[in-house]
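In what follows, every heavy atom counts, from backbone to side chain, and hydrogens, waters and symmetry copies are set aside.
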Amino acid sequence: MNDLIIYNTLTRKKEQFIPINYPHVGLYVCGPTVYGDPHLGHARPAITFDILYRYLQHLGYKVRYVRNITDVGHLENDADEGEDKISKKARLEQMEPMEIAQYYTFRYHDSMRLLNVKNPGIEPRASGHIIEQINMIEEILKNGYGYEVNGSVYFDVEKYNKKYNYGKLSGRILEDLIANTRDLDGQDEKKNSFDFALWKKASPGHIMRWPSPWSEGFPGWHLECSAMSTKYLGEEFDIHGGGMDLQFPHHECEIAQSTAANGKESVKYWVHNNMITINGQKMGKSLGNFINLEEFFTGSHKLLEKSYSPMTVRFFIMQAHYRSTVDFSNEALQSAEKGMARLITATETLNKLKPSDKSTVNINELKDKCYQAMNDDMNTPILISHLFDGVRIINSIDAGTESISGSDLDLLKKIYNDFVFEILGLTSEQAKGNNLAFSGVVDLMLNLRMEAKARKDFRTSDKIRNELQALGIIVKDKKDGFDWEYNG
RNA sequence: GGUCGGUUGGCCGAGUGGCUAGGCAUCGGUCUGCAAAACCGGGUACGGCGGUUCGAAUCCGCCAUCGACCUCCA
């Protein structure tokens, strides 16, 4: 249980995972900003940290998993006058801001359910924690690391950096930031361009606004995560996750805020997943390769040759290490789809295996390798490669070229149940067996085919096979019978 | 321009100073009435140039190339 190693962005090293309050683990992950449909970029962190959550639980930790919903928009860089993303969308569609946020929150939940991503224990909304954010700003002001200008409050990075180290997470040095500053609009209120907003006074047209000691306005970007993680996980907690693109400035600012408010660092392990590319290119709206999850599941995007099931997307993401970029292409997705089908079929074959007196295969070694892979910074591709080695073992036992003892068979079943379904979170999407009448009819047809084969009536047997195949039923002959799969 | 991270065989994608990653595709074989499935086996690698080393794809340097971030974009 103490063998888990994870890569900590803060130290840029793999470190042994030791929770602050064993056996409890606090896990905070940056969730979506709900102003648009969930896309591949949302799937990657959701799945990465779903696996971490599942694995920690599997190891016996009691995990409190917090994943926020950002429904207080963030200022938009290229919008005129720093407009709130959610309120902008609201005006465009003539809806209430909260209506937009609610709609896309449901859309996000729907996609997560399809991807078999477990619900977090707490899913706090930024809009529901305005008071906590205001309190945090007051703490920061009290400690002297913030200043108010015209109803807005900014974080004093330069002062903070004199005592602490601003830039430690992303490897930035304040002097470089000063040297590289660009000219941006609306910077004149700040002492320094790299200062960031804790509270913004709302412009007259800004719909989302709350009262505060400083102005009617809205909280700054990075504050919600600091306030909500502190509220639910405490001033110090174990793991904070999110996409690599959030390292700077978002997570850097979170560190600064928490440290400035509480006087100490809040996060022990920072974990970041890498990004997704499509056909080798960054995914972006302007590049026309922006594919949302629903388009994947239905195959409706023009770059997709076919639809890809949620489990295919999940499996594909897990076949790459979470700290590597992963490139989506039709060819790669289709090979993942086939590979996963083979893995899932093997788990079904496993349940039909008959034990022998003794084993000719080493199941304990397989188990150890699986744990070693997961313990080594959640190396799911290596885990999957071991599971495929196991597939060969399962099929060989089924074919009679290897044998397995009863106790080894039980262990093998446990390994596959634990790793394939519980930890990797795959589910069988194959429809076989869902309907007793349906599978009964297929079995009946295939028994008739067996009889036809027995009397060498191959015209009839081939006709049955071909017509079943046309209906999506794949017939697999075995030595002493048959098996089949339905991909409807 | 700055910081960081990549560049692996037909495609995807791990890993390691010398010992088969794995998947998909492909080729040969076994099985089969045929096919499929399954099993066995084969081929194709480590961006370029130098250096360290008995030995580097793995360490170092330079170059090329791709990507992320660089203050309000999850």
Side-chain angles (χ1 to χ4, degrees), chain A residues 9 12 30-36 38-39 41-42 45 68 70 74-79 82 85 155 157 167 170-173 176-177 179-182 184-187 190 192-197 200 220-222 242-250 252-253 274-275 277 280-282 284 315-316 319-321 323-340 342-343 345-346 349 373 376 379-389 391-392 394-396 398-402 453 456-458 461-462 465-466 469 474-479 482-485:
Chain A
T9 309
R12 312 210 171 247
C30 290
T33 299
V34 282
Y35 67 93
H39 52 74
H42 292 109
N68 67 291
T70 297
H74 289 166
L75 288 171
E76 207 165 273
N77 185 11
D78 49 5
K85 266 191 173 169
F155 191 93
V157 172
S170 54
R172 280 171 172 74
I173 296 161
D176 294 344
L177 292 174
N180 282 317
T181 290
R182 307 186 201 149
L184 286 164
D185 290 337
Q187 298 280 340
K190 299 184 198 173
N192 283 299
S193 59
F194 43 75
D195 288 349
F196 54 92
K200 264 305 232 190
W221 237 275
H222 317 296
M244 234 170 211
D245 54 332
L246 296 178
Q247 255 175 54
F248 191 89
H250 185 59
E252 200 70 70
C253 295
N274 212 319
M275 312 310 279
T277 58
Q281 206 181 22
K282 173 191 172 183
F315 184 76
F316 183 68
Q319 262 194 321
H321 186 78
R323 284 193 286 117
S324 301
T325 55
V326 60
D327 185 52
F328 276 69
S329 65
N330 282 289
E331 195 179 359
L333 278 160
Q334 283 163 32
S335 71
E337 187 174 49
K338 286 180 196 164
M340 182 180 67
R342 193 162 152 249
L343 177 63
T345 299
T349 305
D376 184 12
N379 199 325
T380 52
I382 291 291
L383 170 64
I384 289 170
S385 80
H386 294 321
L387 291 173
F388 274 113
D389 289 341
V391 167
R392 195 164 294 119
I394 290 166
N395 288 332
S396 294
D398 188 44
T401 54
E402 302 279 1
K453 278 173 68 175
K456 303 225 186 291
D457 179 3
F458 297 123
S461 70
D462 286 355
R465 182 177 67 199
N466 294 340
Q469 189 160 7
I474 311 295
V475 179
K476 301 175 181 179
D477 285 354
K478 310 270 282 231
K479 271 205 176 66
F482 57 81
D483 202 353
W484 57 273
E485 259 174 36

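Taking atom C1' on both B:G9 and B:C49, the two are 22 Å apart, rounded to the nearest angstrom. Nucleotides B:C63 and B:G2, compared at atom P, are 12 Å apart to the nearest Å. For B:G17 and B:A56, the C1' atoms lie 6 Å apart once the distance is rounded to whole Å. Atom name P, nucleotides B:U26 and B:G10: the rounded distance is 15 Å, in whole Å. Between B:G6 and B:C59, the distance separating the two P atoms is 10 Å to the nearest Å. One C1' atom belongs to B:A57, the other to B:G15, and the distance between them is 11 Å to the nearest Å. Separation of the P atoms belonging to B:G50 and B:G55 is 16 Å when rounded to the nearest angstrom. Distance check on atom P: B:G5 versus B:A74 gives 26 Å, rounded to whole Å.
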N/O contacts under 3.5 Å, protein versus nucleotides 35-38 of chain B?
residue, atom, partner, partner atom, Å
B:A35, N6, A:Asp477, OD2, 2.9
B:A35, N1, A:Arg465, NH1, 3.4
B:A35, N3, A:Arg465, NH1, 2.9
B:A36, N1, A:Asp477, N, 3.4
B:A36, N1, A:Asp477, O, 3.1
B:A38, O3', A:Asn395, ND2, 3.1

Which atom pairs link the protein and nucleotides 14-21 of chain B when you take only N or O atoms and keep those under 3.5 Å?
residue, atom, partner, partner atom, Å
B:A14, OP1, A:His321, N, 2.7
B:A14, OP1, A:Ser324, OG, 3.0
B:G15, OP1, A:Asn379, ND2, 3.3

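There is no side-chain donor-acceptor pair under 3.5 Å between A:Thr325 and A:Asn274. No side-chain donor-acceptor contact under 3.5 Å links A:Asp327 and A:Ser329. In the model, A:Glu485 has a side-chain atom that pairs as donor or acceptor with a side-chain atom of A:Thr345 under 3.5 Å.
Residue contacts for A:Gly171: at a heavy-atom cut-off of 4.0 Å it reaches the sugar-phosphate backbone alone, with no base atom in range. At a threshold of 4.0 angstrom between heavy atoms, the contacts of A:Asp327 are confined to the sugar-phosphate backbone, with no base atom among them. Residue contacts for A:Val157: at a heavy-atom cut-off of 4.0 Å it reaches no nucleic acid atom on any strand shown. Residue A:Gly31 is in sugar-phosphate contact alone, with no base atom involved, counting any heavy-atom pair closer than 4.0 Å across all strands shown. Across all strands shown, A:Phe388 has heavy atoms under 4.0 Å from sugar-phosphate atoms exclusively, and none from any base.
Residues passing the ring-ring contact (aromatic ring centres under 6.0 Å, His included) test with A:His39, sequence neighbours excluded: A:His42, A:Phe290. With sequence neighbours left out, A:Glu252 forms a side chain to side chain donor-acceptor pair (under 3.5 Å) with A:Ser170. Under the side chain to side chain contact (heavy atoms under 4.5 Å, CB included) criterion, A:Lys338 pairs with no residue at all, not counting sequence neighbours.
Separating the CD atom in A:Gln319 from the CG atom in A:Leu333 is a distance of 10.0 Å, to the nearest 0.5 Å. Note: A:Arg392 CZ to A:Glu402 CD = 11.5 Å, rounded to the nearest 0.5 Å.
A pairwise comparison of heavy atoms in A:Trp484 and A:Val475 identifies CB-CA, 4.4 Å as the closest pair. Across every non-hydrogen atom of A:His250 and A:Trp221, the tightest pair is CE1-O, 3.9 Å. Of all the heavy atoms in A:Ala320 and A:Pro381, the pair that sits closest is C-CG, 3.7 Å. Of all the heavy atoms in A:Ile382 and A:Ala373, the pair that sits closest is CG2-CB, 3.6 Å.
When each of B:C69, B:U71, B:A74 is scored by its nearest atom to the side-chain atoms of A:Lys190, the top-ranked nucleotide is B:U71.
Side-chain atoms of A:Asp462 come within donor-acceptor range of the base of B:G33, with a qualifying N/O pair under 3.5 Å.
Protein atom CG of A:Asn330 is 14 Å distant from nucleotide atom C1' of B:C24, rounded to whole Å.
Stem analysis of RNA chain B (at least three stacked-register Watson-Crick or G-U pairs, each with both distances under 3.5 Å) gives B:1-7 with B:64-70, B:10-12 with B:22-24, B:26-30 with B:38-42, B:47-51 with B:59-63.
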